[in-house]
Amino acid sequence: MKFETIEDYDNYLAELEEDLNDMEEYLKEHPEKLGTQGNYETLQYLYSIYKNNKIKFIQDINEIKLKLDGNNMNPLSIENMYLLSSEFNNTKDSLMDLVNINSIAHENLLVEEISKGSYTIKFSFPNPTEDDMLRKSPRKKGLMKIFDFINCGDDIEKLKNEAGPNGHEALMAYRKFLAEIVKNEADFTLDTEMGSVKAGLTLQQCKNICEKLNI
């Protein structure tokens, strides 16, 4: 079964638990119903699987994927991609400061996987939580700021407004990240929450920002 939110997952667990409770009460009155007993044991097994896999679901839905593409992009080495990962983390840290000034313990997103075939970098939070999924944690709010920035496109005034009066360092970090994209002659897309949140820029938009964003 596919879930899109933690609420969906929890609701399904609650339905299974309710069915188990109903069957348990029924079996107390009808212990001779061997078919029902078999169904009860099967449902118990299913419930235990979903209960134990909840942590993996939280990890999966919090993954962040950065993909580079383009007709004329330069072939990327592993070193290129790790440098890009570092600049992405720096941008995220700077944007976290906009969410909660001076009270964030910065931590790097983990690089889970680098795929040279599709030029995709997969990140995750260390020890992701339900608060990350619900966008309640400061670090998830900081990450979502990257999507806000990307969705400004190459409109420089929108970017500056999004950064606000304390956003000088964030804009510098963002431009430095985009400069790495430009070096590789690539378009890029970013997604999270199993692809339900997406953003992206073309190579030309990245170039426009790097050239016109005076900070």
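All values reported here derive from a predicted model rather than from experimental measurement.
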- How many angstroms lie between atom CD1 of Ile146 and atom CG of Asn151, to the nearest 0.5 angstrom? 12.0 Å
- Item | same_hphob_cluster(Met23, Ile49) at 4.5 Å side-chain heavy-atom cutoff | no
- Message: When you compare the side chains of Gln37 and Glu41, does any donor N or O come within less than 3.5 Å of an acceptor on the partner?
- Response: yes
- Inter-residue atom distance Leu109.CG - Asn89.CG, 0.5 Å rounding: 4.5 Å
- CD (Glu169) with more than 12 external heavy atoms under 6.0 Å: no
- Could you check if a side-chain atom of Met133 sits within less than 4.5 angstrom of a side-chain atom of Ile58, using non-hydrogen atoms only? yes
- Message: If we check side chain to side chain donor-acceptor pair (under 3.5 Å) with Asn208, which of these qualifies: Glu211, Gln205, Gln204?
- Response: Gln204
- Query: Taking the side chain as C-beta and beyond, is there a heavy-atom pair between Leu43 and Asp19 under 4.5 Å?
  - Reply: yes
- Task: Given side-chain contact (heavy atoms from CB on, under 4.5 Å), test Thr36 with His30 step by step and report yes or no.
- Result: CA-CA 9 Å; Thr36 303; His30 305 280; over 6 Å; no
- OG/Ser124 to CG/Asp60 distance, rounded to the nearest 0.5 angstrom? 10.0 Å
- Message: Can you tell whether the side chains of Lys54 and Glu130 come within less than 4.0 Å, N to carboxylate O?
- Response: yes
- Item | Minimum-distance pair of heavy atoms, taken over all atoms of Gly200 and Ile150 | N-CG2, 3.3 Å
- Message: I'd like to know if Val111 and Leu83 are part of one continuous hydrophobic network [Ile/Leu/Val/Met/Phe/Trp/Tyr, side-chain heavy atoms within less than 4.5 Å].
- Response: no
- When hydrophobic residues are tied together by side-chain contacts of less than 4.5 Å, even through go-betweens, does Phe57 share a cluster with Ile55? no
- Start with the C-alpha distance between Leu143 and Phe125, add both sets of side-chain angles, then the distance that settles side-chain contact (heavy atoms from CB on, under 4.5 Å), and finish with yes or no. CA-CA 10 Å; Leu143 175 69; Phe125 290 117; 3.9 Å; yes
- Task: Would you check if Phe188 and Thr202 make a side-chain contact, meaning some heavy-atom pair closer than 4.5 Å?
- Result: no
- Atom pair OH (Tyr50) and CG (Leu13), whose distance is rounded to the nearest 0.5 Å: 9.5 Å
- So if you build clusters from Ile, Leu, Val, Met, Phe, Trp, Tyr with side-chain heavy-atom gaps below 4.5 Å, do Met81 and Leu68 land together? yes
- With a 4.5 Å heavy-atom cut-off, do Leu171 and Lys160 have their side chains touching? yes
- Task: Can you see which heavy atom on Asn53 is nearest to which on Tyr9, and at what distance?
- Result: C-OH, 3.4 Å
- Task: Could you label the plane-to-plane angle of the Tyr12 and Phe3 rings as parallel, tilted or perpendicular, counting under 30° as parallel and over 60° as perpendicular?
- Result: tilted
- Message: Would Asp132 and Arg139 count as a salt bridge (charged side-chain N to carboxylate O under 4.0 Å, His left out) here? Give the steps.
- Response: CA-CA 7 Å; Asp132 293 325; Arg139 64 183 184 177; 2.7 Å; yes
- Message: Measuring only between side-chain heavy atoms, which start at C-beta, is Lys28 closer than 4.5 Å to Glu25?
- Response: yes
- Looking only at heavy atoms, the pair that brings Leu213 and Ile156 closest together is CD1-CG2, 3.8 Å
- Validation row: Leu84, Phe177 side chains within 4.5 angstrom (heavy atoms): yes
- Note on the structure: Distance col, row Ser85:OG vs Lys122:NZ, nearest 0.5 angstrom, shows 13.0 Å
- Message: I want to know whether Tyr47 and Tyr40 have ring centres closer than 6.0 Å.
- Response: no
- Task: With the side chain counted from C-beta on, respond yes when Leu95 and Lys92 share a heavy-atom pair under 4.5 Å apart, and no when they do not.
- Result: no
- Does the pair Leu178 and Leu201 meet the rule for a side-chain contact (heavy atoms from CB on, under 4.5 Å), with working shown? CA-CA 9 Å; Leu178 295 184; Leu201 291 174; 4.0 Å; yes
- Taking atom CG of Leu46 as the centre, report whether more than 12 heavy atoms of other residues, nucleotides or ligands fall under 6.0 Å from it. yes
- Task: Considering non-hydrogen atoms only, spot the tightest contact between Gly153 and Leu159 and give its length.
- Result: O-CD1, 4.1 Å
- Query: Under 4.5 Å between side-chain heavy atoms, hopping through other hydrophobics if needed: is there a path connecting Tyr174 to Phe123?
  - Reply: yes
- What distance do Leu16 atom CG and Asn21 atom CG have between them, rounded to the nearest 0.5 Å? 11.0 Å
- Message: Testing the 3.5 Å rule here: is there a donor-acceptor pair between the side chains of Thr42 and Asn39?
- Response: no
- Side-chain contact test, heavy atoms from C-beta onward, threshold under 4.5 Å: evaluate it for Tyr119 versus Pro75 and give yes or no. yes
- Note on the structure: Tightest non-hydrogen contact, residues Ala173 and Thr91, listed as O-OG1, 3.2 Å
- Task: Please name all residues satisfying salt bridge (charged side-chain N to carboxylate O under 4.0 Å, His left out) with Lys140, sequence neighbours left out, ordered by chain then number.
- Result: Glu193
- Of the non-hydrogen atoms in Cys206 and Val182, which two are nearest, and what is the gap between them? CB-CG2, 3.7 Å
- Message: Between Lys145 and Glu162 (side chain of the first, backbone of the second, donor and acceptor by atom type, cut-off under 3.5 Å), is there such a pair?
- Response: yes
- Query: Heavy-atom count around Asn127 CG within 6.0 Å, excluding the residue itself: above 12?
  - Reply: no
- Message: Considering only residues two or more places apart or on different chains, which pairs with a residue in residues 183-192 satisfy side-chain hydrogen bond (donor to acceptor under 3.5 Å, both in side chains)?
- Response: Glu180-Lys183
